[in-house]
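Encoded as structure tokens, the structure appears first; notes follow it.
Quick note on labels: first sequence line is chain A, next is B, and so on, each numbered from 1.
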Protein chains: 2
Amino acid sequence: MYLALKRSDRMTPIKELTQSLRIPFHFAAKILQRLARKGLLVSLKGRAGGFGLGVAPTEITLFHIVEAIDGVEFTRRCVLGLPACSVENPCALHETWREERDRIYKMLVRKSVAEMAREMKNSLHGLAATKDKDFDGYQTNHS
Amino acid sequence: MYLALKRSDRMTPIKELTQSLRIPFHFAAKILQRLARKGLLVSLKGRAGGFGLGVAPTEITLFHIVEAIDGVEFTRRCVLGLPACSVENPCALHETWREERDRIYKMLVRKSVAEMAREMKNSLHGLAATKDKDFDGYQTNHS
DNA sequence: CTAATTTAGGATAAAAGAGTCCGATTATCA
DNA sequence: TGATAATCGGACTCTTTTATCCTAAATTAG
């Protein structure tokens with residue numbers, strides 16, 4: 001969302017993002033890295049390097065992000081954890097849970113990063129406004 | 001569900017249940033213990049001891065079980081994990097997730113153990129029928 | 001070419017969760 | 001009253017997940 005709101009042609013370094021959002025550097029780094037590997041973000045090393053969107057924010061959905069971070073196993077897995085659960089041999093929640101799961105799936109596919117970023121514009125701005133505090137984005141040794 | 005299907009006035013020892021269901025003894029013990037502490041089950045030590053339903057199976061809902069095992073934090077927690085998320089300061093998914101969460105909550109409250117036990121009668125019987133194998137309910141030292 | 005900056009990715013550490021074990025306690029039966 | 005059959009609950013272990021750290025590689029400015 002932060003990158004979507006920036007909409008600049010330059011790359012955004014992890015450090016800038018984590019200072020604005022006040023989250024740990026290495027924590028964000030791993031997440032950005034994973035999203036970049038999936039093509040949702042692009043990255044560039046070295047000076048003037050950083051991260052940017054790899055696809056238009058209207059095209060990135062919550063489902064893409066869930067897929068990149070947690071995988072899609074939840075769309076198949078029996079909610080009671082029974083290995084033998086199937087249409088032929090359904091558990092007590094097979095159909096009931098399929099309905100809920102399908103709704104959530106549709107919601108994830110529907111919701112874009114562009115939409116979410118728009119809705120959180122104010123709070124993300126608010127966070128960015130506090131960036132001139134002494135939070136350097138690194139949790140430990142102030143390098 | 002197993003206890004609901006038994007519907008006997010005697011108590012069911014953990015060992016019988018775990019042999020029928022082919023699950024580890026100590027694993028089941030901990031779960032039964034927790035449900036008993038919440039009053040959903042009753043327990044009795046000593047000879048002729050074991051576990052039984054503490055309430056009619058029509059009165060025990062999935063929500064009661066989720067509450068006893070995992071707690072109800074999920075009904076409050078922001079799906080994005082933001083501590084400051086609230087109606088006044090909603091995250092990008094605040095309302096969307098509230099809808100899904102409410103649906104699931106209603107489903108949990110609606111679904112009773114009696115209903116689930118009825119639906120799984122066949123597979124639970126099937127499991128119980130295989131109990132004369134060499135599975136003694138304990139994972140380790142065959143006491 | 002060198003120094004500075006920035007991400008990449010593997011290694012490690014910390015935390016959480018799940019599962020197991022065991023001694024203590026309680027109850028029943030003979 | 002002693003032997004036996006059970007649960008109780010804390011301690012322990014194992015696995016998984018989450019978070020952090022560190023070195024290498026890439027890129028650019030000077």
What is the distance from [atom1] of [X] to [atom2] of [N], rounded to the nearest Å?
| X | N | atom1 | atom2 | result |
| --- | --- | --- | --- | --- |
| A/Ile14 | D/dA19 | CD1 | P | 16 Å |
| A/Met11 | C/dT6 | CE | P | 13 Å |
| A/Phe27 | C/dA15 | CZ | C1' | 14 Å |
| A/Phe25 | C/dT6 | CZ | P | 9 Å |
| B/Ile23 | C/dA18 | CD1 | P | 15 Å |
| A/Ile69 | D/dT16 | CD1 | C1' | 17 Å |
| B/Arg10 | D/dA5 | CZ | P | 18 Å |
| B/His26 | D/dG9 | NE2 | P | 16 Å |

Query raised in the report: For B/Glu100, which residues count as a salt bridge (Lys or Arg N to Asp or Glu O under 4.0 Å) partner, sequence neighbours excluded?
Result: A/Arg103
Query - Partner residues of B/Tyr105 under the ring-ring contact (aromatic ring centres under 6.0 Å, His included) criterion, sequence neighbours left out - result: B/Phe63
Query - Contact list for residues 74-104 of chain B, test ring pair (Phe, Tyr, Trp, His ring centres under 6.0 Å), sequence neighbours left out - result: none
Requested in this report: Mind checking side-chain contact (heavy atoms from CB on, under 4.5 Å) for B/Glu115 and listing every partner two or more places apart, or none if nothing turns up?
Outcome: B/Lys111, B/Ser112, B/Arg118, B/Glu119
Query - Contact check, side chains of A/Leu93 and B/Leu62, non-hydrogen atoms, under 4.5 Å - result: yes
Query raised in the report: Side-chain contact, heavy-atom cut-off 4.5 Å: B/Phe51 with B/Leu17?
Result: no
**Report entry** Neighbours of DNA chain D within residues 70-82 of chain A, by heavy-atom distance under 4.0 Å
**Finding:** none
Query raised in the report: Which parts of residues 30-54 of chain A get close to DNA chain D, meaning a heavy atom less than 4.0 angstrom away?
Result: A/Lys30, A/Lys45, A/Gly46, A/Arg47
Query raised in the report: Can you list the residues that meet the side-chain hydrogen bond (donor to acceptor under 3.5 Å, both in side chains) rule with A/Glu59, with sequence neighbours excluded?
Result: none
Can I get a per-line list of side-chain donor-acceptor pairs under 3.5 Å for residues 41-49 of chain B, giving both atom names and the distance, sequence neighbours left out?
none

Pair up each side-chain donor or acceptor in residues 77-88 of chain A with any protein partner under 3.5 Å, not counting sequence neighbours, and list the distances.
from    : atom 1 : to      : atom 2 : distance (Å)
A/Ser86 : OG     : A/Glu88 : N      : 3.4
A/Ser86 : OG     : A/Glu88 : OE1    : 3.3
A/Ser86 : OG     : A/Asn89 : N      : 3.2

